[in-house]
Amino acid sequence: MAGKKLTFLFFGLCCTVISVAQSDPFAGTWYMQYQPDGKTPPIEVELKIASPERNQLYPAELKLHCDRFNTVFNLLLVKRNSRQLGIGSNKIVITENAFSIGNWTVYLNGSFDFGKDNKGNPFLSVSRIITKQYGLRMPDPKTFISSDATIAIELRNFLKDTEIQLKKINNENWHDPHADSILHSPALGKYYGMIDTVHVQTRDCNISFPGSKKTSNGVVSVIRNGNTVIDLADLSYKKPAEEIVLDTGLNIIVFFADNYGKSAASTGRLNLDFGKRKISLDFSDDKDVASSFIVARVYYYPPNEERSASENELSKLSPEYRTQNNDNVFYFPDEKRTNALKLRPIDPLQENTLLREAKLLGNVEVNSKQITMAVWDDAVEDGDSISLSINGKWIVQGLAVKKRPQFIVVTLEPGQNKITFIADNLGSIVPNTSVLEIIDGKKRRSFMIDTNLSQNNLVNIIYDLKPGE
C-alpha cells in the first residue's frame with residue numbers, strides 16, 4: 001500500500017513539474033495600481049499577454065485607466081532572453097476616451113523584466129531606455145483643457161519616470177481576435193515593429209552594420225530564433241560582422257536597441273545580406289524612431305526541394321479532373337465531377353479592386369503545402385460573382401457562385417499567404433455573399449464571405465515549412 005502511495009505521489013510530482021515547465025512565465029494578466037499621494041486619482045495598469053509564436057513573439061494588450069481617462073492599446077512584446085521582454089514602441093490605440101496621450105506612450109519602452117518577490121510571487125518591472133531627445137512630436141500639456149491637464153500630466157510622468165512593477169494576477173493567455181492579428185499585422189497595413197515577411201532561397205546570411213560611428217551608434221543586439229548572434233555591441237566603438245545559417249522554414253531575426261546613441265533617431269542600422277536579397281533594419285526610419293526592437297520574419301525554403309515536392313503532389317491529381325492550371329492553383333468540377341468550372345480567362349491584375357478596404361475574417365494555420373478551398377452559396381443562387389487573389393496574384397476572376405461547392409486547390413508559399421475575396425457584382429440580392437471552407441486534410445475551417453463593391457474580405461493562411469520537407 002505504501003508503495004502505491006509513493007508511486008502516485010511520484011506521478012503527481014512529475015505531472016506538476018511538467019505542468020510548471022510547460023507554462024510560459026510571461027503569458028497571463030499583470031496588474032498595478034499607482035497613487036503616490038492619496039489625493040490624485042489612481043492610475044490602473046493592466047497588461048494581458050498571449051501565448052507566444054515560436055516562444056519569442058508575444059501579442060499583448062495594455063489598458064490604462066485614470067479617473068475618466070480610459071485607453072486600450074495593442075502592442076508586440078519580443079523575448080530578449082528568459083527574463084526579459086522587449087516592449088514595442090508602436091502601441092496601436094483600440095479605444096481611447098476623454099482625451100489622447102499621443103506619443104507619450106513611447107516613454108514606456110525598453111523591457112519588461114521578470115522577477116519574483118520574497119513570497120515567490122511573479123512580477124514584471126520596467127527597464128527604460130532613456131534619452132533627452134526621443135525624436136517624436138510630444139503632446140504639449142498646455143493644449144489640454146484644464147479639467148484634463150492634471151490627469152494628462154500625471155499619466156505622462158507615470159509612463160516616463162515612475163518605477164513600474166506589475167504583479168501577475170492569473171496565468172490565462174490573452175485570447176482575442178486582435179492577438180492573432182498582431183502577429184500578422186503587416187498584411188493588415190499596421191506596424192507593431194515587425195516588417196513584411198521575407199522569403200529567401202539561400203540559408204547563408206551576412207550581418208553587418210553600415211554607417212559611420214557618429215551617425216549610426218548606440219548599443220544593439222541581434223537574436224535569431226532565440227539565440228544571441230550579437231550581444232550588446234556598442235556601434236560608436238566597433239561595428240561587428242557575423243555570418244549566420246538559417247533554419248529551414250521560419251526564422252525570426254530581432255534587432256534590439258539596448259541603449260540609444262546620441263539621439264533616438266540614430267541608434268544603428270542592420271544589414272542582412274542573403275545574396276540576391278538584402279534587408280535593412282534601420283532605427284532611424286520614421287516608423288522605428290525610439291523603438292526597442294525591429295523584427296524580421298524570414299522564410300528559407302530550398303528551391304530544388306520545393307519544386308520536387310510540388311511535382312510529387314501534382315502527380316497525385318488525376319488529369320481528367322484538372323480543368324485549368326497556372327503557377328499555384330487547380331480548378332475542379334463540382335462534387336459529382338460531371339462538369340468543369342466555367343471560368344472566363346484571367347485578366348491582368350486590376351489594382352483598383354485590390355485597393356479596396358479589406359475586412360479580415362481570420363487567420364488559419366495549416367500543415368499542408370496544398371489546401372483545398374470550397375466556395376458555394378448557402379442561400380439563394382442569385383448571380384453573385386467573385387474573384388480571388390493570393391499574395392497579389394489572381395487565382396480566378398469572374399467565378400459564378402453556385403449552390404453546389406466548387407473546389408480550388410492552392411499551392412501555398414511558406415509563411416503567410418493572403419487570400420483576398422473581391423465582389424465582381426452584387427447579384428440580385430445585396431450584398432455578395434458566399435461560404436468559404438478551407439480544407440487541410442481532415443481539418444476544415446469555414447468563413448462567411450460578405451463582400452461589396454467597396455470592401456473586400458481577407459483570410460490569412462499560414463503554412464510553416466517544416467525541416468526536411
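Since we're looking at a predicted model, the values are computed, not measured.
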Considering all heavy atoms, the nearest [X]-[Y] contact:
X      : Y      : answer
Ser280 : Asn271 : OG-OD1, 3.4 Å
Asn173 : Ser51  : ND2-CB, 3.4 Å
Arg203 : Tyr300 : N-CE1, 3.5 Å
Asn90  : Ser291 : ND2-OG, 4.2 Å
Gln56  : Ile223 : NE2-CG2, 3.6 Å
Asn109 : Ile87  : O-CD1, 3.5 Å

[Y] and [X], any side-chain heavy atoms less than 4.5 Å apart:
X      : Y      : answer
Leu388 : Met373 : yes
Val254 : Val222 : no
Asn55  : Asp24  : yes

For this session: Sort out for me which residue in Phe158, Tyr134, Phe99, Phe144 forms a ring pair (Phe, Tyr, Trp, His ring centres under 6.0 Å) with Trp104.
Result: Phe144
Problem set entry | CZ-CG distance between Phe112 and Leu124, expressed to the nearest 0.5 angstrom | 6.5 Å
Exercise. Rounded to the nearest 0.5 Å, how far does CD1 of Ile294 lie from CG of Asp288?
Worked result: 3.5 Å
For this session: Measure the acute angle between the ring planes of Phe283 and Phe255, then classify it against the limits of 30° and 60° as parallel, tilted or perpendicular.
Result: tilted
Problem set entry | Criterion side-chain contact (heavy atoms from CB on, under 4.5 Å) against Asn460, the qualifying member of Leu360, Leu361, Asn417 | Leu360
